[in-house]
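Because only heavy atoms are used, hydrogens play no part in the values below, and waters and symmetry mates are left out as well, while side chains stay in. We count ligands from 1, going down the list as the structure has it; atoms in each ligand are counted the same way.
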Amino acid sequence: MDFDLSDEHELLRRTVREFAERRIAPVAEELDHEHRFPYDIVAELAELGLMGIPIPEEYGGGGGDTLSYAIAIEELTRIDSSVAITVAAHTSLGTMPILLFGTEEQKREWLPDLASGRRLAAFGLTEPGAGSDAGATRTRAELTDGQWVVNGSKIFITNAGTDLSACVTITARTGEGEISNLIVPNGTPGYEISAPMRKMGWRASDTRELSFRDCAVPEDNLLGERGAGFRQFLEILDGGRISIASMGLGLAQGAYDLALAYAKEREQFGQPIARFQAIQFQLADMAVEIEAGRNLVYKAAWLKDQERPFAQEAAMAKLYTGELSQRVVDRALQIHGGYGYMDEYAISRLYRDQKVLEIGEGTNEVQRMVIARHLGL
Ligand SMILES: Cc1cc2nc3c(=O)[nH]c(=O)nc-3n(C[C@H](O)[C@H](O)[C@H](O)COP(=O)(O)OP(=O)(O)OC[C@H]3O[C@@H](n4cnc5c(N)ncnc54)[C@H](O)[C@@H]3O)c2cc1C
């Protein structure tokens with residue numbers, strides 16, 4: 001076994017960490033406060049080649065492995081979740097379906113703009129009546145005169161409504177008991193996007209409700225085989241879970257780093273609070289859990305890179321880091337005392353940003369269902 005990261009992985013970590021600390025940290029609070037999408041930062045991430053890390057170079061991506069992608073998402077989330085989810089949703093949910101299931105023509109049409117970060121993509125699975133039970137989708141698409149005519153709605157969709165958004169891949173019912181994926185370009189008549197939804201966290205990320213009213217797209221916008229939509233979205237979610245697990249890991253690391261620094265600096269009873277064993281034990285527990293979480297996340301990514309089955313490990317990593325980030329951010333804020341409750345302390349933003357990690361791309365309960373299924377239950 002070799003637990004050392006390669007030089008390339010270490011270099012990537014340093015590059016992303018440096019960028020996140022220099023460029024994102026100083027503006028994160030303001031972006032969050034103003035619910036402002038980070039266009040400038042996305043442009044710079046694109047320049048650094050971080051908007052399409054695991055997409056092959058022939059389509060304009062970075063040609064990196066899943067582990068590189070996981071490390072980048074971890075490092076971005078350590079500083080700011082809104083930026084991290086923008087990259088993660090764009091890559092794993094927006095771009096990946098086209099790479100995995102698209103025809104060569106679809107890949108040539110969409111991937112160069114997406115993988116380079118010039119445009120963004122979204123994945124529209126969730127509906128008001130179909131959340132955890134995503135197969136219960138009610139959005140319909142009917143093939144009429146060479147076009148798919150879509151009617152229905154989606155909710156909580158990331159990256160669908162920015163000025164850079166190019167398209168959304170949606171699941172739709174294309175027949176009795178048949179779900180297919182369709183690419184719907186932004187600007188298609190009948191495709192309407194709500195104002196940004198107001199959220200507890202991830203406030204600088206773009207989250208929308210989508211509605212489709214007799215929205216017609218060419219027959220060729222079908223992604224993969226007709227009727228393969230259910231299997232396809234399960235595969236997309238398996239991969240996406242590694243990125244959300246990386247976010248749980250990165251958020252926990254960020255919260256721990258803030259708490260450690262604060263504990264060394266803050267004095268009460270005549271000494272830094274880090275000298276109190278009660279505080280030391282909390283930091284020690286956090287460090288243990290973060291190490292365990294990192295091993296789970298990297299192993300899931302490594303399995304995927306080895307082209308071995310990884311779905312169970314991805315669900316385990318997502319579940320574990322979701323819950324671990326909750327425990328860590330809670331203790332980290334406690335160590336900050338009243339200051340941690342104030343907006344100008346980053347820990348308060350991390351605290352609000354954490355909760356959705358236990359909900360998005362499958363709730364904790366759904367992860368347990370997936371794991372139980374893999375256990376043969
Ligand atoms: C900020 C944000 C961004 C998102 N981005 C996207 C996106 O880009 N694309 C997209 O498609 N979706 C997106 N989502 C949707 C997200 O994936 C769903 O919210 C999530 O899958 C849960 O669905 P739901 O909200 O309908 O909850 P529900 O499914 O209604 O669940 C409610 C509760 O019931 C529990 N539950 C449900 N079924 C069971 C069961 N069988 N056993 C035990 N407990 C159960 C759940 O675990 C949960 O606790 C986003 C959500 C948020 C909040």
Side-chain angles (χ1 to χ4, degrees), residues 32 35 37 73 77 80-98 114 120-139 152-162 165-172 179 181-184 186 193-212 223 229-230 232-241 243-245 247-248 251 314-315 318-319 322-323 326 349 352-373 377:
D32 173 79
H35 298 223
F37 186 80
I73 297 298
T77 317
D80 184 56
S81 292
S82 288
V83 171
I85 187 59
T86 300
V87 179
H90 166 68
T91 308
S92 297
L93 300 182
T95 312
M96 246 343 149
I98 300 176
L114 299 180
L120 292 177
F123 186 57
L125 174 67
T126 308
E127 298 185 5
S132 300
D133 184 11
T137 180
R138 284 169 61 180
T139 296
S153 62
K154 299 286 173 183
I155 194 163
F156 307 141
I157 308 306
T158 307
N159 283 342
T162 73
S165 302
C167 62
V168 60
T169 296
I170 58 162
T171 50
I179 295 177
N181 279 323
L182 290 168
I183 304 172
V184 182
N186 282 51
I193 301 170
S194 76
M197 299 183 83
R198 296 175 61 77
K199 309 189 288 291
M200 167 182 171
W202 288 7
R203 287 184 165 172
S205 84
D206 182 78
T207 313
R208 310 274 183 155
E209 285 184 72
L210 316 181
S211 73
F212 305 91
L223 192 61
F230 191 78
Q232 288 173 349
F233 81 66
L234 290 181
E235 198 177 325
I236 291 300
L237 292 180
D238 284 341
R241 278 174 194 142
S243 55
I244 303 298
M247 289 190 69
L251 189 132
K318 203 265 179 194
L319 172 64
E323 294 188 345
Q326 191 278 324
R349 174 169 43 82
R352 284 186 289 102
D353 283 343
Q354 183 280 327
K355 186 62 209 174
V356 68
L357 299 174
E358 300 183 73
I359 297 169
E361 292 195 41
T363 61
N364 291 347
E365 292 72 27
V366 165
Q367 304 310 319
R368 288 187 165 89
M369 284 159 61
V370 171
I371 295 163
R373 214 166 26 240
L377 300 168

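Counting heavy atoms only, Met369 comes closest to atom 41 (N) of ligand 1 of the residues Glu127, Met369, Lys154. For atom 4 (C) of ligand 1, the nearest non-hydrogen atom from the set Phe156, Phe123, Trp202 belongs to Phe156. In this comparison of Ala160, Gly131, Ser132, the heavy atom closest to atom 29 (O) of ligand 1 sits on Ser132.
In this structure a side-chain-to-backbone donor-acceptor pair under 3.5 Å is present from Ser165 to Asn159. Side-chain N or O atoms of Lys318 include none that pairs as donor or acceptor with a backbone N or O of Asp238 at under 3.5 Å. Asn364 places no side-chain N or O within donor-acceptor distance of the main-chain N or O of Leu319, the cut-off being under 3.5 Å. Between the side chain of Asp353 and the backbone N or O of Gly201 there is no donor-acceptor pair closer than 3.5 Å. In terms of modelled atom types and a separation under 3.5 Å, the side chain of Asp206 and the main chain of Thr158 share no donor-acceptor contact. Using modelled atom types, one side-chain atom of Arg352 and one backbone atom of Met200 make a donor-acceptor pair closer than 3.5 Å. For His90 (side chain) and Ala121 (main-chain N/O), a donor-acceptor pair under 3.5 Å exists by modelled atom type.
Protein heavy atom at the shortest distance from atom 48 (C) of ligand 1 is Thr363 CG2, 4.0 Å. Shortest contact from atom 8 (O) of ligand 1 to any protein heavy atom: Thr158 N, 2.9 Å. The protein heavy atom nearest to atom 44 (N) of ligand 1 is Glu365 CB, 3.7 Å. Counting only heavy atoms of the protein, atom 53 (C) of ligand 1 lies nearest to Val356 CG2, 3.6 Å. Of all protein heavy atoms, the one lying nearest to atom 16 (C) of ligand 1 is Thr126 OG1, 3.8 Å. What sits closest to atom 20 (C) of ligand 1 on the protein, heavy atoms only, is Ile359 O, 3.5 Å.
Rounded to the nearest 0.5 angstrom, Met96 CE and Leu114 CG are separated by 12.0 Å. Note that OG1 of Thr77 and CG of Leu251 are 7.0 Å apart. Values are rounded to the nearest 0.5 Å.
In terms of polar-atom proximity, Leu93 is not counted as a contact of ligand 1, lacking any N or O under 3.5 Å from an N or O of the ligand. Ligand 1 has no N or O atom lying under 3.5 Å from any N or O atom of Asp133, backbone or side chain.
Those atoms of ligand 1 with a heavy atom of Glu361 less than 4.0 angstrom away are 17 (O). Those atoms of ligand 1 with a heavy atom of Ile157 less than 4.0 angstrom away are 7 (C), 8 (O), 9 (N), 10 (C), 11 (O).
Not a single heavy atom of Val366 sits closer than 4.0 Å to an atom of ligand 1.
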Given side-chain contact (heavy atoms from CB on, under 4.5 Å), test Leu93 with Thr169 step by step and report yes or no.
CA-CA 9 Å; Leu93 300 182; Thr169 296; over 6 Å; no
Step-by-step side chain to side chain donor-acceptor pair (under 3.5 Å) determination, Thr139 to Glu127
CA-CA 8 Å; Thr139 296; Glu127 298 185 5; 2.8 Å; yes
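Distances from atom 14 (N) of ligand 1 to the protein include at least one heavy-atom value under 4.0 Å. Protein heavy atoms are absent from the 4.0 Å sphere centred on atom 39 (C) of ligand 1. Within the 4.0 Å cut-off (strictly below), no protein heavy atom is located near atom 32 (C) of ligand 1. Distance check on atom 35 (C) of ligand 1: every protein heavy atom falls at or beyond the 4.0 Å cut-off.
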